[in-house]
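Just so you know, ligand 1 is whichever comes first in the structure, and atom 1 is the first atom listed for that ligand. No experiment lies behind these values; they were computed from the predicted model shown.
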Amino acid sequence: MFVFALSFAALLCVTAAWPALSGRGSHFPSEGESEEVRSAAIKRLLEVFGMEDPPAVHGHKQPPQYMLDLYNTVADVDGVTKDPYLLEGNTVRSFFDKLRSEQVEFKFNLSTVARSEKVLTAELHLFKLRPQGTITFSRHHFCQVSVYQLLDIGKTNSTQTKKLLSSRLIPVHSAGWEVFTVTQAIRSWVADEGSNLGLHVVVRTLEGSQTDLKLIHFASGRHHHQSKQPMLVLFTDDGRRSAALESTTGGSEHSPGGNHLLVKSSRTARSPHYSEEEGRSKPCQRLPLYVDFEEIGWSGWIVSPRGYNAYHCKGSCSFPLGQNMRPTNHATVQSIINALKLIRGIETPCCVPDKLFSINLLYFDDDENVVLKQYSDMVAGSCGCH
Ligand SMILES: *[C@@H]1O[C@H](CO)[C@@H](O)[C@H](O)[C@H]1NC(C)=O
Ligand SMILES: *[C@@H]1O[C@H](CO)[C@@H](O)[C@H](O)[C@H]1NC(C)=O
């Protein structure tokens with residue numbers, strides 16, 4: 001009955017059945033709706049967002065700047081996806097290091113990642129600090145930084161205690177974020193949580209000797225500001241996007257045939273009977289429908305957006321259907337049959353969304369990790385008679 005009605009609208013023709021969500025000022029739910037209906041509705045709405053319960057977030061947390069920047073890159077102020085091809089999957093998860101050790105060893109709790117979630121890419125983000133004064137005159141200009149996956153010798157059939165994931169030369173005098181690809185390890189950890197022993201970073205000089213980490217120094221979760229904490233970023237896909245991209249084709253591919261019928265029908269259009277019917281109800285059009293997360297009570301765990309305009313489709317689809325009503329051929333014929341009253345009980349076509357856009361949510365999950373997730377078919381881009 002709320003947002004998810006968009007996906008059913010094509011079947012149910014609920015053109016005038018939108019509840020009290022429309023308009024910023026309205027209350028949620030409307031008076032007279034019982035608490036039971038409200039909680040059932042909220043639960044169903046959570047399911048639309050792929051959750052069973054609203055995540056519990058304690059106190060005010062600052063989301064990582066990287067995730068905020070990413071959100072602003074993929075979404076506009078309303079959360080609507082700017083370009084559906086920008087993100088490969090539909091989910092980006094960030095994790096902070098749980099070990100917070102003095103060593104360059106990191107462990108991330110991946111329990112919030114579902115096994116069914118496909119890990120596309122995983123990156124370890126480390127903040128390289130400016131070198132300390134004493135080594136400024138060091139003869140080394142570059143160091144080799146390698147990231148290893150720690151292995152359980154008991155489980156694997158080798159004497160290796162770690163596996164190389166990624167290795168790169170990094171200038172000693174640089175400062176800022178360094179990103180290492182660690183996809184292999186994360187895939188194995190998502191498949192088998194118990195095998196997650198963490199990541200280990202080794203810095204070597206170009207001659208190959210292991211340094212004591214004075215040459216290259218990364219910010220740790222323990223000693224440095226939160227904005228420089230080691231972070232794991234996972235790009236995944238939960239498979240929910242499915243037919244989203246195909247469903248945005250809209251009515252344009254149907255319109256040539258529709259236009260033919262339209263030209264014919266408009267010649268006989270001006271009988272008083274139909275203009276009277278048009279006067280009763282406005283023609284099919286897109287109207288605002290603001291979904292306010294604060295009113296729903298979700299502002300605690302949703303970082304962005306505060307709400308979004310889902311829009312809704314309303315109005316009559318009676319003969320003659322103009323091109324602006326984006327009718328399918330089927331709808332055009334149905335409206336003609338309805339107008340001619342050739343067969344009893346044939347209604348006018350439905351005014352429904354015929355183009356849907358995805359929105360993005362930046363939120364805290366149960367483990368207080370920040371997640372960016374894309375949800376398909378959430379905003380009516382246009383309405384048409386179907
Ligand atoms: C990971 O986090 C979950 C949920 O917060 C917790 O139940 C679990 O014990 C954690 N696992 C480890 C290894 O810390
Ligand atoms: C472990 O290695 C030994 C010797 O190479 C081999 O015979 C054995 O089958 C291996 N076991 C597993 C579980 O791979």
Side-chain angles (χ1 to χ4, degrees), residues 42-43 46-47 49-64 66-68 70 89-126 147-156 160-163 165 180 182-201 218-224 226-240 297-303 361-373:
I42 299 275
K43 192 153 180 57
L46 270 172
E47 281 169 38
F49 288 99
M51 289 166 210
E52 281 179 20
D53 298 297
V57 177
H58 310 285
H60 181 77
K61 299 271 190 320
Q62 181 61 33
Y66 176 82
M67 295 301 284
L68 291 172
L70 192 65
N90 62 3
T91 309
V92 185
R93 298 175 178 278
S94 62
F95 301 86
F96 284 129
D97 170 43
K98 294 284 177 191
L99 274 185
R100 294 163 64 92
S101 97
E102 309 256 356
Q103 316 299 322
V104 260
E105 242 174 70
F106 308 101
K107 200 161 172 187
F108 302 93
N109 187 335
L110 303 177
S111 64
T112 50
V113 186
R115 271 186 189 214
S116 56
E117 220 167 304
K118 193 175 159 202
V119 178
L120 303 169
T121 310
E123 298 173 344
L124 176 67
H125 291 217
L126 297 177
V147 181
Y148 293 87
Q149 172 185 0
L150 293 172
L151 300 175
D152 185 350
I153 310 176
K155 279 191 183 171
T156 62
Q160 298 277 295
T161 56
K162 56 190 183 190
K163 182 162 112 188
L165 297 170
F180 301 90
V182 294
T183 314
Q184 273 188 328
I186 277 54
R187 280 196 187 133
S188 68
W189 294 343
V190 168
D192 174 14
E193 215 179 313
S195 68
N196 180 356
L197 298 183
L199 299 171
H200 182 55
V201 175
F218 294 107
S220 73
R222 183 182 296 233
H223 294 298
H224 299 92
Q226 199 198 358
S227 64
K228 293 175 181 167
Q229 270 192 61
M231 191 169 70
L232 182 71
V233 180
L234 250 60
F235 295 81
T236 70
D237 199 300
D238 62 9
R240 279 167 48 112
W298 288 1
S299 55
W301 57 275
I302 295 181
V303 179
L361 229 60
L362 190 69
Y363 66 91
F364 288 99
D365 70 8
D366 274 327
D367 215 17
E368 301 194 340
N369 303 307
V370 173
V371 181
L372 168 73
K373 207 157 179 136

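Between the side chains of Thr112 and Asp365, at least one donor N or O lies within less than 3.5 Å of an accepting N or O.
Considering only residues two or more places apart in sequence or on other chains, Glu368 meets the salt bridge (Lys or Arg N to Asp or Glu O under 4.0 Å) condition with Lys61. Partners of Asp97 under the salt bridge (Lys or Arg N to Asp or Glu O under 4.0 Å) rule, at least two apart in sequence or in another chain, do not exist in this structure. Looking at residues two or more places apart in sequence or on another chain, you find no ring-ring contact (aromatic ring centres under 6.0 Å, His included) involving Phe235.
Nearest heavy atoms, Phe180 versus Val147: CG-CG2, 3.6 Å.
Listed by chain and number, Asn109, Ser111, Asp367 each place a non-hydrogen atom less than 4.0 angstrom from ligand 1.
Ring geometry for Trp301 against Trp298 counts as tilted: the plane angle lies between 30° and 60°, on a 0 to 90° scale.
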